[in-house]
Structure formats: structure tokens, C-alpha cells
J.: 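Take this structure, written in C-alpha cells, and hold onto it; I'll ask about it next.
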Amino acid sequence: MNRLFKSSLLLVLVLLIAGCNTMQTSSHSEPTAPVLSRIQQRGELVLGTSANMPPMTFTQNGKAVGFDIDMAHLMADVMDVRLNVKTLPFGELLPALQRGDVDLVISNMTITPERNKKVAFVGPYLTSGKCLVSKNEQLARAAEADHLNRPETRIAVLKGSTSERFVRTLLPKATVTTTDDVASGVQLVIDDRVGAMLSEYPICLSTL
């Protein structure tokens, strides 16, 4: 890794955890300690991730792996500390960050105004879009939202994700099923219990 890349990556990390420092609450053992100093003092960077969104973050052989995890390893390497990965349900990641249980969250999380009111984001590090995973050719070829906005359209989404909000806002008549992970949503499609799963483009590609 060249020095320029190390310097740039460290700057990103400092910005991220400095912003997160304002989110620490009195429940943390050291609420007033700067996050960066705390990480270096204990020699550990604590990452929060859901580990259920391949290829960004997923579990393999009992370990969290993927692009997001690789990026966290680079951050820890730049700081010369070890990486401690905490796997949590997606909906619990930001509360854990606010409590100070983790130092940062990298889990394919989309920046939204609501989330940005609670924590500081640095990025984006990836620009993507939404897509459908489906066995139904009619759903796959839908060109307009109106073609999907009907009760007989059954769509699975990750609970608490922007995909869930997308469907409930733009397709209010569709029948929505929430899942705790992407694999469960894919299985619902395979079993014909839903017509499609809505997720981010890289995640959809990883299911093919």
C-alpha cells in the first residue's frame, strides 16, 4: 500500500469517527474521550456490520467477509490496530454506534437524511441503484412503477432498509414481506412465496 493511499484512507477514517464521537452518550464508559484516541489506546477498531448482504458484507466459514470488511481491515491497518468485527442485525447497527458499542458501521448502508440526523456519514464510497430478483418475467420487465403497484405484486425486502422504504413509498399497494437477511428474501422468491426481492444492484448480482 503506498503512502498516498494510506494518508487518504486515514483522513476518511478520522472524519468518520470524529463525526461519530458526537453521537456518544452518557451510557458509554468514556463518553468524553475522543473516539480516535480511544481506539488507539485500546489498540482495537470495533466495526459494526450485518454480515448478510453479499458481496458487500456476509458470513463465510463463521467469519464476516466482503468488500466492506476488507475496507475496515485497511482502516485498522492504517491505524496500526487490530480489527474487531461485531455482527448485528441491520436495524441495530446505528443504535449500537450511538451508544458507543462500535466505533463505526460499514454495512452497505445508504445515506439518508433521517440517518444523517443521528450519525455522521463519510462517502459515498459506492454509488448503486435498486433492482429486482425475480423468476416472474412480467415483474422483471415492468417499465413503470404503476405496473408493480398492485396488491398481487408480492415483494420481499430487508427489514429497516431503504428498499423497504422505497417499496412502501412508491408501491403502497404492493404486498410487502420483510426479511432479516438477503438469503431469506431470495429463498422466498425461489419458493414462489413472493414474486420478487428488491435490493441494491451489487447484492442482486451476487444472488445470480
Side-chain angles (χ1 to χ4, degrees), residues 47-60 62 64-69 85-99 101-102 104-119 121 123-124 126-208:
L47 167 72
T49 190
S50 62
N52 60 6
M53 296 184 183
M56 307 306 293
T57 172
F58 60 102
T59 302
Q60 187 176 75
V65 296
F67 181 83
D68 289 349
I69 310 303
V85 180
K86 286 191 176 183
T87 301
L88 300 168
F90 186 81
E92 296 180 17
L93 289 172
L94 291 189
L97 180 61
Q98 290 178 277
R99 291 191 304 268
D101 296 342
V102 299
L104 75 162
V105 168
I106 311 178
S107 193
N108 194 56
M109 184 170 289
T110 302
I111 301 171
T112 68
E114 291 78 12
R115 290 171 179 168
N116 209 22
K117 290 177 184 178
K118 301 175 182 178
V119 298
F121 281 86
L126 176 70
T127 301
S128 181
K130 300 294 183 184
C131 64
L132 288 173
V133 174
S134 179
K135 294 163 45 180
N136 187 309
E137 185 174 351
Q138 184 176 357
L139 291 180
R141 291 182 179 276
E144 302 290 340
D146 288 345
H147 299 163
L148 301 174
N149 191 26
R150 53 192 69 184
E152 58 267 31
T153 301
R154 295 167 297 139
I155 299 180
V157 292
L158 182 69
K159 185 177 180 180
S161 67
T162 51
S163 295
E164 180 180 3
R165 181 169 183 178
F166 181 94
V167 172
R168 296 194 186 280
T169 302
L170 299 182
L171 308 174
K173 296 180 181 178
T175 302
V176 180
T177 300
T178 60
T179 66
D180 292 327
D181 54 65
V182 172
S184 298
V186 172
Q187 193 61 50
L188 290 175
V189 175
I190 293 173
D191 296 340
D192 294 319
R193 295 174 61 187
V194 299
M197 180 191 72
L198 180 73
S199 190
E200 284 72 32
Y201 187 65
I203 294 175
C204 291
L205 286 179
S206 74
T207 67
L208 300 178

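Excluded from the calculations below are hydrogen atoms, water molecules and symmetry mates; all remaining heavy atoms, backbone and side chain alike, are included. Note that the numbering runs from 1 along the sequence shown for the chain.
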J.: Do the non-hydrogen side-chain atoms of Leu104 and Leu47 ever get within less than 4.5 Å of each other?
T.: yes
J.: Just to verify, what does Lys159 make a salt bridge (Lys or Arg N to Asp or Glu O under 4.0 Å) with, not counting sequence neighbours?
T.: none
J.: Which residue, Leu88, Leu93, Asp68, Val119, forms the side-chain contact (heavy atoms from CB on, under 4.5 Å) with Val105?
T.: Leu93
J.: For Arg193, is there any backbone N or O sitting under 3.5 Å from a side-chain donor or acceptor partner on Asp191?
T.: no
J.: If you round to the nearest 0.5 Å, how far is OG of Ser163 from NZ of Lys130?
T.: 3.0 Å
J.: Quick one: does Val182's side chain get under 4.5 Å of Met197's, heavy atoms only?
T.: yes
J.: Can you tell me how far apart CD (Glu200) and CG (Leu205) are? Round to the nearest 0.5 Å.
T.: 12.0 Å
J.: If the test is side-chain contact (heavy atoms from CB on, under 4.5 Å), which one of Thr177, Ile155, Thr179 qualifies with Val194?
T.: Thr177
J.: Between Ser50 and Asn52, is there a side-chain donor-acceptor contact under 3.5 Å, judged purely by atom types and distance?
T.: yes
J.: Just so I know, are the side chains of Val65 and Phe58 near enough to count as touching, which here means a heavy-atom distance under 4.5 Å?
T.: yes
J.: Are Thr49 and Val85 close enough that some pair of their side-chain heavy atoms sits under 4.5 Å apart?
T.: yes
J.: Roughly how far, to the nearest 0.5 Å, is OG1 of Thr110 from CZ of Arg165?
T.: 11.5 Å
J.: What residue among Leu158, Val133, Thr162, Val167 forms side-chain contact (heavy atoms from CB on, under 4.5 Å) with Leu198?
T.: Val167
J.: Strictly distance-based, threshold 3.5 Å: is any side-chain N or O of Ser107 a donor or acceptor partner for the main-chain N or O of Met109?
T.: no
J.: If the condition is side-chain contact (heavy atoms from CB on, under 4.5 Å), which residues does Asn149 pass it with, not counting sequence neighbours?
T.: Leu171, Pro172, Lys173
J.: Go through the steps for Leu126 and Met56 under the test side-chain contact (heavy atoms from CB on, under 4.5 Å), then give the verdict.
T.: CA-CA 10 Å; Leu126 176 70; Met56 307 306 293; 3.7 Å; yes
J.: Indicate the atoms forming the closest heavy-atom contact of Val189 with Ser134, along with that distance.
T.: CG1-CA, 4.1 Å
J.: To the nearest 0.5 Å, tell me how far Glu92 CD sits from Thr87 OG1.
T.: 12.0 Å
J.: To the nearest 0.5 Å, what is the distance between CZ on Arg115 and NZ on Lys117?
T.: 13.5 Å
J.: Which distance, rounded to the nearest 0.5 Å, do you find between the OG1 of Thr57 and the CZ of Phe90?
T.: 10.5 Å
J.: Please report the closest heavy-atom contact between Ala142 and Leu148, naming both atoms and the distance.
T.: CB-CD2, 3.6 Å
